[in-house]
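Worksheet for the structure shown next.
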Amino acid sequence: MKTNTNMKRRELTDLFIKIISSIAASIGIFFLLWIIFTVFQRGFAALSIDFFTKLPTPPGMEGGGLVNAITGTAIITFLATIIGVPVGVLTGIYLSEYGSHSRFGSLVRLVVNLTIGIPSIVVGLFVFALVVIPTGNFSAWAGALAQSIIMLPVIARTSEDMLNLVPNELREASLAIGMPKWRSIVSIIFRYSKSGIMTGVLLAVARISGETAPLLFTVMNSQFWMKSLNEPIANLTVTIYNYAMSPFDDWRQFAWGASLLITMVVLFLNIIARMILKEAK
Amino acid sequence: MKRKKLTPQLKFEAMFKYITASSATIVLIIMLLMFIQLTYNSRLSIEKFGLNFLFSSSWNPATHEYGALASIYGTVVSTLIALIIAVPMGIIIALFLVEISHPVVSKITGNAIELLAAIPSIIYGMWGLFVFAPFFADYIQPFLINNFGDIPFIGKLFQGAPMGIGMLSAGIILSLMILPFITAVTRDVFIMVPAVVKESSYGMGSTTWEVTHKVTLRYGIKGVIGACFIGLGRALGETMAVTFVIGNSHLISASLMDPASSIASTLANEFGEASEPIYLHALMQLGLILLLMTFFIQILAQIWVGKLKKSMGTGL
């Protein structure tokens, strides 16, 4: 008799918890979907052919677009990628193939992990102090440098993780047939983990293309076409920040359009990265 | 004869190692330079205010009186609010995904949550300012103020005008931003709990909830705490999601409804106006404080994760 009611109570508790956690999960997921829904709903209203082809207009004037900011973000992201990826991948190779057990290797690994946790706005401040103050002007290069510093540790860590997945037999086999170590790394080990490293790179590119804070103090923003990489250039994320904070309705509209564009690019890169990884598996 | 042929290969061998090692050194140099540059560029403020900078809450660009207390307070409180909401919620959602929901639902929702973790923080900020803040001011805040504002002691937290923006809004937006992240990591930890352990508990007649809190949660608690550390590090330095909704006031107020400021929001807001060297150096010092805070937390997290690996093998 007693065990019966006890069992009932336990089952009731179980049901109660299940209901509560389903509700909590729905609430959390509801809010996250709400965010996505808003971005798509308000963003689509702002997208047009002009949005991708015309320069911005002053507030109140009809039309205009953000073509300069779109190219600006693409350029900064591209520059950051060509700086950050080689250094990051080479660091990953060092950590996995040469310094995996050395004291220096452990130090680098620790600092890589610490650098991943540094807030992006602090990286922005750092590049401001390092580049903008001495050269005296904001520039696309400074922004690309800041973004590459954010990318570097992420890529170094994923590369190391991916290289560590390579079976040791492959290393031994390639060395046993008389390959020099660098050759074995480049054409055997690296090739084996190529898709994993590629995934890491894509995820890092996705991350920096949506970063705003490191660009605030390094590239600033501009209303015009860029003339050189040594000057402030327009970019999407700082434009979103400036336009959203402005009191003009048409500027806010543009901010939503730019948000949608960035969100779609980031989601697209993430999905591609996942597909590459899945295929490799 | 053969030896001669090999020499260039060996030379390249040494060179390749040297190239990778010098790439690895770059991270060290960056870290070192970051501390040096931020300290050097805040020297005027460090000289003038000394340790007082940490304990003074006055922030007045007109008279050049600067203190970091209000910003530090805002950073800590908004992060705490975010963790108080996001950690239990993240654990519950992860449990829902792993233990309760149908595998198909779990897979789709799990993937969606991982994608949401990738959405840039400025999107959360925009949504917070234009969608959440008006909703919050119209429906939630009046309810909180009317129902909790009169309770002695805790009531102080909920007094004020329903403005939509403020400390609580910033904390909530921040919690939404770290929620997908904490959920994803926690889910991975729970998935790694061996099925045998769970099944033996079910075999003794336990209900799902009993297995969950007595087995899964216990087994994975260290990993969950690790996830919280990383979420904490993210929330502390988050700029865009906070700047839009925190209200940017340098007054320390007991009420969570009032506007406040965090280190990151102060930097984003005021950097463009800092024309005087002392103003700039005070902002740089704020950045240095933020760097030290996150650095310290990351080191704790690393020690924690190191312990984890030792006690659970290299699986985590």
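Just so it is clear: chains get the letters A, B, ... in the order the sequence lines come, proteins before strands, and each one is counted from 1.
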Please report the closest heavy-atom contact between T239(B) and A213(A), naming both atoms and the distance. OG1-CB, 3.8 Å
Check: R42(A) and V131(B) side chains under 4.5 Å, non-hydrogen atoms: yes
Go through L152(A), L130(A), L216(A), T237(A) and name the one with the most non-hydrogen pairs under 4.5 angstrom from chain B. L130(A)
Enter the distance from F217(A):CZ to L283(B):CG here, rounded to the nearest 0.5 Å. 8.0 Å
Locate the shortest heavy-atom distance separating G210(A) from P120(B); write the atom from each residue and the value. O-CB, 3.4 Å
Name the option with the most non-hydrogen atom pairs under 4.5 Å to chain A; the candidates are E99(B), H213(B), E114(B). E114(B)
Might you point out which heavy atoms bring K181(A) and E13(B) nearest each other, and give the distance in Å? N-OE1, 2.8 Å
What part of M34(B) gets closer than 4.5 Å to chain A, counting heavy atoms only: side chain, backbone, both or neither? both
With chain B, which of S259(A), G105(A), G124(A) has the greatest number of heavy-atom pairs at distances under 4.5 Å? S259(A)
Given 3.5 Å as the limit, does a donor-acceptor pair link the side chain of S23(B) with the main chain of T91(A), or not? no
Toward chain A, the part of Q302(B) with a non-hydrogen atom under 4.5 Å: side chain
Tell me, side chain or backbone of I100(B) under 4.5 Å from chain A's heavy atoms, or both, or neither? side chain
Part of L38(B) lying under 4.5 Å from any heavy atom of chain A: side chain
Top contributor to chain B interface from G88(A), A129(A), P180(A) [non-hydrogen pairs under 4.5 Å]: A129(A)
Contacting moiety of L116(B), where chain A heavy atoms sit under 4.5 Å: side chain
Could you tell me which portion of E238(B) (side chain, backbone, both or neither) has an atom closer than 4.5 angstrom to a non-hydrogen atom of chain A? neither
Only pairs of heavy atoms separated by less than 4.5 Å count here; which of I20(A), I121(A), L15(A) has the most with chain B? I121(A)
Tell me, out of W209(B), F132(B), F244(B), W127(B), who's got the most heavy-atom pairs with chain A below 4.5 Å. W127(B)
Structural part of L95(B) lying under 4.5 Å from a heavy atom of chain A: neither
Among I36(A), N270(A), V266(A), L32(A), who wins on heavy-atom pairs under 4.5 Å with chain B? L32(A)
Identify the two heavy atoms, one from A244(A) and one from M126(B), that lie closest to each other, and give their separation to 0.1 Å. CB-SD, 3.3 Å
I'd like to know if the side chain of Q298(B) reaches the main chain of T115(A), judged simply by a donor and an acceptor atom lying under 3.5 Å from each other, with no hydrogens or angles considered. no
Separation between CG of L114(A) and OG1 of T294(B), rounded to the nearest 0.5 Å: 9.5 Å
For T207(B), which atoms come within 4.5 Å of any heavy atom of chain A: side chain, backbone, both, or neither? both
Part of I230(B) within contact of chain A (heavy atom distance under 4.5 Å): neither
State, to 0.1 Å, how close A24(B) and F104(A) come at their nearest heavy-atom pair, and which atoms those are. CB-CE2, 4.5 Å
Nearest 0.5 Å please: distance from the CG atom of L33(A) over to the OG1 atom of T109(B). 9.0 Å
What residue in I119(B), L129(B), L97(B), I19(B) has the most heavy-atom pairs under 4.5 Å with chain A? I119(B)
Hey, what's the ring geometry for W182(A) with F16(B), parallel, tilted or perpendicular (30° and 60° as the breaks)? tilted
Side-chain polar contacts of residues 23-30 of chain A - donor-acceptor pairs under 3.5 angstrom, sequence neighbours left out - could you list them?
| unit_1 | atom_1 | unit_2 | atom_2 | d |
| --- | --- | --- | --- | --- |
| S26(A) | OG | S22(A) | O | 2.5 |

Whatever's closer than 4.5 Å to a heavy atom in chain A on F135(B) counts as side chain
Closest non-hydrogen atom pair between G205(B) and R10(A), with its separation: O-NH2, 3.0 Å
